Amino acid sequence: MSNKRTGNGTAQQAPAPTDPADIRNVVLVGPSGAGKTTLVERLLATTSTISRRGSVTEGTTVCDHETAAVEQQRSVGMAVAPLRHRETKINLIDTPGYADFLGELRAGLRAADAALFVVAATEGVDSATRTTWQECARVGMPRAVVISRLDQPRADATAAIESCVAAFGNGVVPLYLPREHGGSPTELFGLLTGSSYDYSRGSTPIVRADNRPLDESTRAARERLLEGIIAGSEDETLLERYLAGENIEEATLLGDLEAAVAHGGLHPVIPVSAETGIGITELLDGVVRAFPSPLERVPPEFTDPHNANPRELGCDPNGPLAAEVVHTSVDPYVGRVSVLRVFSGTMRPDSPAHVSGHGMADRGRPDHDSAERIGHVHSPLGAGLREVPHCVAGDLCALTKLTSAETGDTVSDPRDPLLLQPWDMPDPLLPMAVTGHGDDDALSRNLNRLLAADPTIRLDRSTETHQMVLWCMGEAHAEVVLRRLRETGVDVDTEPVRVAFRQTFRGPAKGHGRHVKQSGGHGQYAVCDIEVEPLPRGAGFEFTDRIVGGAIPKQFVGSVEKGIRAQLERGIEPECPVVDVRVTLVDGKTHSVDSSDAAFQAAGALALKSAAERAGLLTLEPVDEVEVRIPDDHLGAVLGDLSSRRGKVLGTEPADTGWTVVRAHVPTTELTHYAVNVRSLSSGSASFSRSFAGYEPLPW
């Protein structure tokens, strides 16, 4: 199937690679508006992968093909865009920059071997990008930086580079510096090569040796680059040669540059303009030369489907098949499309496969194992699919009609089934109650499809409030989820999320229950007396039998308890269960003919109601324990906001430099939109988690 969008048709594709050394998997990371999707479009056009560049504003780009992305003019999902440069296949993985779609970013990081951080020359680095940089550092992922939007009026590449150094550390060093002519950048100077790349006549640079004396700032930048390469290289003699003033060959420096980037100690910076083409060729060269191939990255650890027998697999096309579903979408023409990263073996058409998914039961996705058959193997280009004969270890591909495969599942050889644990997914913290109009089966079916595609969604079906609650990452994510549901033809709407309250007794009380009815035939007769006393929070329900002299036969004591338990669950007031009480059965009466199990259940319920009328009930509200990770600059605002939400701060403790973790107990009713509010209070930098802590009395 060809790309269905118009305006940027595809060129004839190159053959699928057979050697992982000829592959680069690169994820583009950066804030919304940094120009990642526009940059991908320029890279595809420069390599003749597409015949004409699309536009974000016109909704014609390769990566932003979903309706929500076109309308919002920002990415809402991960997209793969492969291209060829110097006989190397580069899988570009475009990811959303908005915080609501963090799950898509994590999926892109899982599929990639290196990360390209895109920072606009007009903006600098935001806190969310700093956090992602730290995540990549923890797993040792090689990183480089692109300074984008050089052509914009307020662009300041020097300030943007300084912002990157301040945010990411001293390992960030420019590989090229822009030079301006007539007030706009038209040239790059290569600090390593000593050459100038002149774009004044078009998007193909004129490369010439530049023997002009370097100014002080350029000389300092070159020295930092050389020292960074030497520090990150494995050549112990290189430092001696550099200190001795020896002129080191460019080929040697390029080789050591790759080693330094692969080891995670050096992060080259390349300024570009997707609009004018400045730096695009240099960026492609840098990706091929400096980023590692899949052979140089250690694949994740696999186990068998029972989570036992851990094993490590190499990136070997001849090894056992082991791949992971990193993205799932539904195409209106071909149905479910699964994008996979192949870690080991070779994916071939018309071959059997084992699909295994475990560890996501808490998100509404039960563990599952199934047998499937691989149909056609495709190379994805945004929404388009191009059939290929195979997909080797280290490459990305797309499969259609894997009916049981969900995002995060492992696809392997049925003769050697494997399981890869899902990557770390953020918790969805914004609840949204959804209701269908008419066809509940269609709503349930399409909700399950959404859960299979998006692990950042959690579905709760509340037996207390009788609501279907979708937990999303934020308002933008919720909007996209609703749109996807409606695009399947489901008539869905939202309603306020209801919170389940509880009640307990205000004090001890006695209750009398008398259930006596007489009609034709056997009647109903049961009398019981109880004593009720409240228990500490979280103690639950206790039942004690203090009947003496057989006032109530043993077979009916259990009936009384059963009736009381049922009434506690129903609540004295509708849909408000009663908790944390001890009930003692102290006396009663029975009839030799008319007493029955049902009669004593009814008497027990009446006795509980009688005691509640005398003691009075205390309404309890659920309380969550919240842990907020916040930059110190925003600590005061967050603490004040928690106080306004009736929160009780349990303590604060320092986290990383400049960050604080706040723990507090906050009523659940006050947290419905907290995911949105805390992000607003902290300029998008804060994160939080929540867990149920218990019930507390509702203030009068």
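It should be emphasised that the depicted structure is a prediction, and the values quoted were computed from it without experimental measurement. Hydrogens, waters and symmetry mates are skipped; everything else that's a heavy atom, side chains included, is used. By convention here, the first residue in the shown sequence is residue 1.
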Run the salt bridge (charged side-chain N to carboxylate O under 4.0 Å, His left out) check on E71 and R483 step by step: do they pass? CA-CA 11 Å; E71 290 188 355; R483 174 178 286 280; 2.5 Å; yes

Under a 4.0 Å N-O cut-off, is there an ion pair linking D113 with R341? yes

Quick one about T37 and S75 (side-chain donor to acceptor, distance below 3.5 Å, no hydrogens or angles considered), yes or no? yes

Do R498 and E464 meet the salt-bridge criterion of a basic N to acidic O distance under 4.0 Å? no

Is the closest basic N to carboxylate O distance between E123 and R154 below 4.0 Å? yes

Under 3.5 Å side-chain donor-acceptor pair for N307 and Q421: yes

Backbone N/O of F541 and side chain of R565: donor-acceptor pair under 3.5 Å: no

Could you grab the distance from atom CG of L109 to atom OG1 of T95, nearest 0.5 Å is fine? 7.0 Å

When you check the gap from the basic side-chain N to the acidic O, do E621 and R646 get nearer than 4.0 Å? yes

Spacing of E575 atom CD and T463 atom OG1 [to the nearest 0.5 Å]: 10.5 Å

With R110, the side-chain contact (heavy atoms from CB on, under 4.5 Å) member among I93, L420, V139, L105: L420

Rounded at 0.5 Å granularity, tell me how far CG in D580 sits from OG1 in T504. 5.5 Å

Is it the case that the side chain of S685 and the backbone of S682 share a donor-acceptor pair, with hydrogens and angles ignored and the cut-off at 3.5 Å? yes

Between T668 (side chain) and P622 (backbone), is there a donor-acceptor pair under 3.5 Å? yes

Please confirm whether F117 and F168 have ring centers closer than 6.0 angstrom. yes

Short question: side chain of N91, backbone of A81 - any donor-acceptor pair under 3.5 Å? no

Side chains of Y695 and R502, donor plus acceptor under 3.5 Å: yes

Under 4.0 Å between a Lys/Arg side-chain N and an Asp/Glu carboxylate O for D624 and R690? yes

Interatomic spacing from CG in L402 to CG in L399 - rounded to 0.5 Å: 5.0 Å

Output yes when a side-chain donor or acceptor of K36 lies under 3.5 Å from a complementary backbone atom of V119, and no otherwise. no

Between the CD atom in E653 and the CG atom in L650, the distance rounded to the nearest 0.5 Å is 11.0 Å

Tested for side-chain contact (heavy atoms from CB on, under 4.5 Å) against Q503, the lone hit among T619, L568, V579, L618 is T619

Checking the side chain of S683 only, and the main-chain atoms of R679 only, is there a donor and an acceptor separated by less than 3.5 Å? no

Is any NZ, NE, NH1 or NH2 atom of the basic residue among E406 and R365 found under 4.0 Å from an Asp or Glu carboxylate oxygen of the other? yes

Between atom CE of M425 and atom CZ of R458, what is the distance when rounded to the nearest 0.5 Å? 14.5 Å

Can you confirm if the aromatic rings of W133 and H267 lie within a centre distance of less than 6.0 Å? yes

Geometric cation-pi criterion, R74 with Y98: 6.0 Å, 45°: yes

Would you say E569's side chain and I564's backbone share a donor-acceptor pair under 3.5 angstrom? no

Using a strict threshold of under 4.0 Å (side-chain N to carboxylate O), is an ion pair present between R645 and D641? yes

Side-chain donor-acceptor contact under 3.5 Å, T410 with S356: no

In terms of side-chain heavy atoms, does D460 have a donor or acceptor partner in W471 at a distance below 3.5 Å? yes

Can you check whether I630's main-chain N or O pairs, donor with acceptor, with T660's side chain at less than 3.5 Å? no

Please answer whether the main-chain N or O of A34 pairs with a side-chain N or O of S148 as donor and acceptor at a distance below 3.5 Å. yes

Can you find a side-chain donor-acceptor pair between T435 and D493 that sits under 3.5 Å? no

With no hydrogens and no angle check, just 3.5 Å: does a side-chain donor-acceptor pair link D409 and H368? yes

Would you say the side chains of N677 and S680 form a donor-acceptor pair under 3.5 Å? no

With distance as the sole criterion, is a donor-acceptor pair present between the side chains of R449 and N446 under 3.5 Å? yes

